[in-house]
Amino acid sequence: MDKKHEIHMVANTHFDPVWLWTWDEGLSSIRSTFRAALERMDEEPEFIYSFSCPPVFEWIRTVDPDLFDQIARRVREGRWELIDGWWLQPDCNAASGESYARQGLYGQRYLLEHFGQISPCAFNIDSFGHSAMLPQIFRKSGIRYCTFNRPSTAEKELPGPLFRWESPDGSSVLAFREPGSYIGDVEKHIRTAFAAARQYDHDMMLVYGVTNHGGAPTIKAIHTIKELGADSTLPCTVRFGTHQGFFAAQDETGLPVVRDELMTAWFGVFSNFPEIKQNNRRCEYALLNAEKAAVIAGWNNGAPYPAEKLTACWKDVLFNQFHDILGGACIRQAYFDARNLHGRALQTASEVLHNSLQSVTKDISLPVNGSIWNVIVWNLNAFSMAAHVEAEVNWAWEFDWYKGPIAVIDDDGAEYPCQVVRERSVIPGLRSRFVFSAKLPSLGYKSFQVKLRESAHRPAAEPMPDEFTLKSNRFLVEICRETGGIASVFDRHKDAFVLLSGAKPMVLQDDGDTWAFNVSGFGEYAGDFCLEQVKLTEDGPVRTTVHTKSSFGHSWLEQDFSLYKESGIIEGSYRVCWRDRHKVLKLVFESVQEPAVTAAIPYGSIKRPNDGVERPMGEWLDLSCADHGFTILTDSLFAYDAKGTAACLTVLRSAIYGDLRLAEGLDPNAEYDYLGQGITEGR
């Protein structure tokens with residue numbers, strides 16, 4: 001007789017530390033959950049509980065050390081499975097690759113330190129889609145098995161629930177799409193799994209328990225599993241199991257291989273609440289730069305490496321990458337706490353960075369001259385680069401008050417084109433802000449002297465036809481007279497248009513809830529932006545800048561476009577005051593031909609179709625045609641759709657915080673908290 005397939009029943013609590021509540025409420029609820037799970041172990045010797053989340057464990061260790069010790073004892077006995085090797089279950093799209101490496105580093109390190117073991121599992125049961133690079137990151141974190149629920153069978157077709165998931169480099173993990181997370185009717189779902197086990201010729205795993213706010217698996221569910229496990233007439237054997245045990249029991253030979261991202265169709269989280277995503281990106285780069293600066297300081301003068309400070313910062317940032325927080329799916333009040341965590345990380349990283357660099361800079365031999373400022377420009381990237389540098393120096397009271405042109409000169413006496421721009425204060429003659437272009441060494445610095453220019457002479461700028469036209473050695477940029485975006489970009493070297501429009505604002509109806517569970521896409525075109533103002537704000541030897549302001553409904557949008565004279569960079573920034581509801585704001589970039597679309601993903605990139613589907617993106621989106629193309633670099637935009645010749649980057653949504661309407665609609669007499677209201681800025 002053939003061996004019966006098994007239904008592995010894995011007990012778990014899907015716990016959201018923050019979601020429709022704040023972290024302090026989460027702290028109070030999880031203690032009772034863990035007590036109940038331990039009680040179930042006392043009542044039923046076969047019962048095994050699976051849960052791990054280091055920041056939640058740390059809550060318990062802090063407020064209830066006896067409870068933490070009981071958990072650790074059950075881990076040693078094999079009754080409490082450490083189900084996940086990451087710090088927590090993050091959003092798997094909006095963060096950088098380094099963040100996911102740190103999820104594994106700090107998650108596994110915590111488990112090893114406090115429980116004596118790491119976890120070979122990733123249990124991202126609720127995250128909103130999964131990047132194609134994750135298998136490689138998993139394997140380098142000691143993780144061999146991965147369980148997920150999103151995308152569901154309705155969102156993405158897969159060859160079966162169990163498969164080998166492979167990254168572009170060939171790294172792979174054994175992956176399982178769990179079919180019915182936190183099932184209510186345990187017996188019904190077990191009997192449904194019998195057919196799936198026969199169809200796919202492998203065991204099945206079902207996760208049972210309570211979800212979101214906490215709660216241990218119930219006595220009733222445990223009793224049902226034990227009863228079915230004793231029934232020898234069933235087509236499959238039902239047993240209490242573990243996540244790791246399920247995977248270890250499967251025959252991996254001949255399993256299908258999936259080489260793709262596992263992306264959910266529920267697109268709201270890709271662009272909700274851009275502030276949290278922007279702050280996450282700022283923190284990631286701030287911490288990486290702080291780490292590099294601290295290492296350089298150690299090499300230079302033996303300064304101790306501030307590992308404890310930086311690790312604490314990373315843990316704050318990783319906590320804020322929880323899928324509901326970074327996905328903008330929490331209530332408004334939760335983001336007060338999230339801002340504070342990001343602020344703590346940013347301030348600490350800034351202190352480490354500047355203290356480290358100043359400790360090195362003090363030893364650099366610089367000219368001593370009573371009429372100049374010495375400026376040190378650091379490049380902490382692992383590559384040399386030509387950069388546009390902005391800096392500001394103070395004249396009074398160290399020197400005489402001064403308002404006029406300045407010169408920037410390097411150690412070899414070479415002078416750099418320099419342009420004075422408006423300083424951040426409005427006290428004439430006190431300070432000067434300026435921009436210049438320079439080549440900077442990899443992981444190093446270059447020093448410059450800043451001094452008063454002998455005369456008021458400056459190189460003549462190319463005549464401007466009007467404020468709607470920007471010219472550089474490379475490009476001719478026309479500003480749209482209707483919307484205030486870019487009407488076209490002409491490449492003077494290739495004698496061809498590169499863009500037919502750029503950063504053109506577009507508004508669509510958005511009737512989706514927070515996650516867009518209730519819609520399949522954004523709605524109809526909601527109307528045009530109307531240009532109210534355009535003015536030339538800068539025109540010099542380094543760059544030309546045009547400022548535009550346009551309006552839609554109750555909202556307005558300001559954009560600044562800077563064209564650098566000697567480079568192929570067009571820099572744009574936006575500041576929008578959004579007062580409209582149930583609308584989405586996009587910026588449209590239209591190529592002259594239908595481009596091949598390649599999007600940045602964590603530690604990699606992926607080619608995607610031009611099919612109009614809303615998808616997440618990392619720091620860049622490349623749109624390449626046969627003869628030319630362009631790349632959009634951004635630290636502020638995290639989602640897009642592309643169709644035909646147009647790529648539409650999502651700036652903000654104005655759905656409702658925590659809106660999961662299910663069957664009922666909105667109360668017409670109620671006032672709700674809306675996402676995206678007020679000021680949003682980006683580049």
Side-chain angles (χ1 to χ4, degrees), residues 6-15 29-86 88-89 107-123 125 142-145 147 176 178 181-183 186 190 203-211 214-230 237-250:
E6 293 185 327
I7 309 299
H8 298 247
M9 301 301 298
V10 175
N12 176 259
T13 300
H14 172 63
F15 176 61
S29 71
I30 196 62
R31 290 167 55 231
S32 59
T33 295
F34 289 167
R35 286 199 194 96
L38 293 168
E39 289 171 1
R40 299 294 88 79
M41 293 179 195
D42 293 335
E43 296 159 358
E44 174 50 62
E46 295 181 46
F47 173 75
I48 303 171
Y49 184 62
S50 299
F51 182 96
S52 63
C53 181
V56 175
F57 281 151
E58 194 60 11
W59 288 352
I60 300 301
R61 195 171 77 95
T62 301
V63 304
D64 197 340
D66 290 340
L67 181 60
F68 185 85
D69 289 343
Q70 293 177 54
I71 293 170
R73 177 171 61 84
R74 289 300 193 179
V75 171
R76 291 192 298 271
E77 295 172 354
R79 299 289 304 282
W80 186 304
E81 180 193 21
L82 300 175
I83 198 173
D84 193 354
W86 271 10
L88 43 55
Q89 293 186 39
Q108 298 283 39
R109 182 179 290 174
Y110 186 93
L111 299 183
L112 188 62
E113 178 182 353
H114 293 285
F115 301 106
Q117 59 182 272
I118 66 172
S119 174
C121 306
F123 190 73
I125 204 75
I143 291 172
R144 305 191 305 274
Y145 310 130
T147 294
F176 182 75
E178 203 279 331
S181 304
Y182 310 102
I183 51 185
V186 172
I190 289 174
D203 294 346
M204 294 293 290
M205 175 171 59
L206 296 179
V207 178
Y208 70 102
V210 182
T211 187
T218 64
I219 295 173
K220 180 181 178 181
I222 293 170
H223 180 72
T224 300
I225 294 166
K226 190 166 185 179
E227 273 194 341
L228 293 174
T237 300
V238 179
R239 58 177 300 239
F240 293 104
T242 64
H243 189 250
Q244 182 178 348
F246 162 76
F247 282 107
Q250 307 314 304

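- With rounding to the nearest 0.5 Å, the separation of CG in L82 from CZ in F115 is 6.0 Å.
- Proximity of the aromatic rings of H114 and F57 is defined here by a centroid distance below 6.0 angstrom, and this criterion is not met.
- Results of the side-chain contact (heavy atoms from CB on, under 4.5 Å) test with F34 over F68, W80, F15 single out W80 as the only residue that passes.
- Among residues two or more places apart in sequence or in another chain, the salt bridge (Lys or Arg N to Asp or Glu O under 4.0 Å) test is passed with R109 by none.
- Using modelled atom types, one side-chain atom of S52 and one backbone atom of I83 make a donor-acceptor pair closer than 3.5 Å.
- Side-chain atoms of Q89 come within 3.5 Å of backbone N or O of I125 as a donor-acceptor pair.
- Nearest approach of I190 to I225, heavy atoms of both residues: CD1-CG1, 4.4 Å.
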Point to revise | Audit row: H14, V207, side-chain contact (heavy atoms from CB on, under 4.5 Å) steps and yes/no | key: CA-CA 10 Å; H14 172 63; V207 178; over 6 Å; no
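- W86 and P54 get closest at one heavy-atom pair: O-CD, 3.6 Å.
- Side-chain contact between L206 and E178: present, with at least one pair of heavy atoms (C-beta onward) separated by less than 4.5 Å.
- For the atom pair D84 CG and I143 CD1, the distance stands at 6.5 Å (nearest 0.5 Å).
- The distance from atom CZ of F247 to atom OG1 of T242, rounded to the nearest 0.5 Å, is 10.5 Å.
- Considering only residues two or more places apart in sequence or on other chains, R76 meets the side chain to side chain donor-acceptor pair (under 3.5 Å) condition with none of them.
- Looking at heavy atoms from C-beta onward, F47 lies in side-chain contact with P217 at the 4.5 angstrom threshold.
- Nearest heavy atom pair, residue I48 against residue A11, reads O-CB, 3.3 Å.
- Listed by chain and residue number, R73, R74 satisfy the salt bridge (Lys or Arg N to Asp or Glu O under 4.0 Å) test with E77 (two or more places apart in sequence, or in another chain).
- When each of R239, M9, E44 is checked for a side-chain contact (heavy atoms from CB on, under 4.5 Å) with K226, only E44 meets the rule.
- Rounded to the nearest 0.5 Å, atoms OH (Y208) and CD1 (I222) are 5.0 Å apart.
- Nearest heavy-atom pair across H243 and M205 is CD2-CE, 3.6 Å.
- Of all heavy-atom pairs spanning A249 and H8, the tightest one is CB-CE1, 4.3 Å.
- When atom types are taken as modelled, the side chain of R31 and the backbone of D64 share no donor-acceptor pair closer than 3.5 angstrom.
- Shown here for L38 and I71, the closest heavy-atom pair between the two residues is CD1-CG1, 4.4 Å.
- Atoms CG and CD1, on D203 and I7 in that order, are 7.0 Å from each other to the nearest 0.5 Å.
- Residue pairs meeting the salt bridge (Lys or Arg N to Asp or Glu O under 4.0 Å) criterion with at least one member in residues 51-61, sequence neighbours excluded, are E58-R61.
- For Q244, there are no side chain to side chain donor-acceptor pair (under 3.5 Å) partners at least two apart in sequence or on another chain.
- Test T33, T13, N12 against Y49 for side-chain hydrogen bond (donor to acceptor under 3.5 Å, both in side chains) and you get one pass: T13.
- Put simply, OG on S119 and CZ on R144 are 9.5 Å apart, with the number rounded to the nearest 0.5 Å.
- For the ring pair (Phe, Tyr, Trp, His ring centres under 6.0 Å) test, residues two or more places apart in sequence or in another chain that qualify with F176 are F246.
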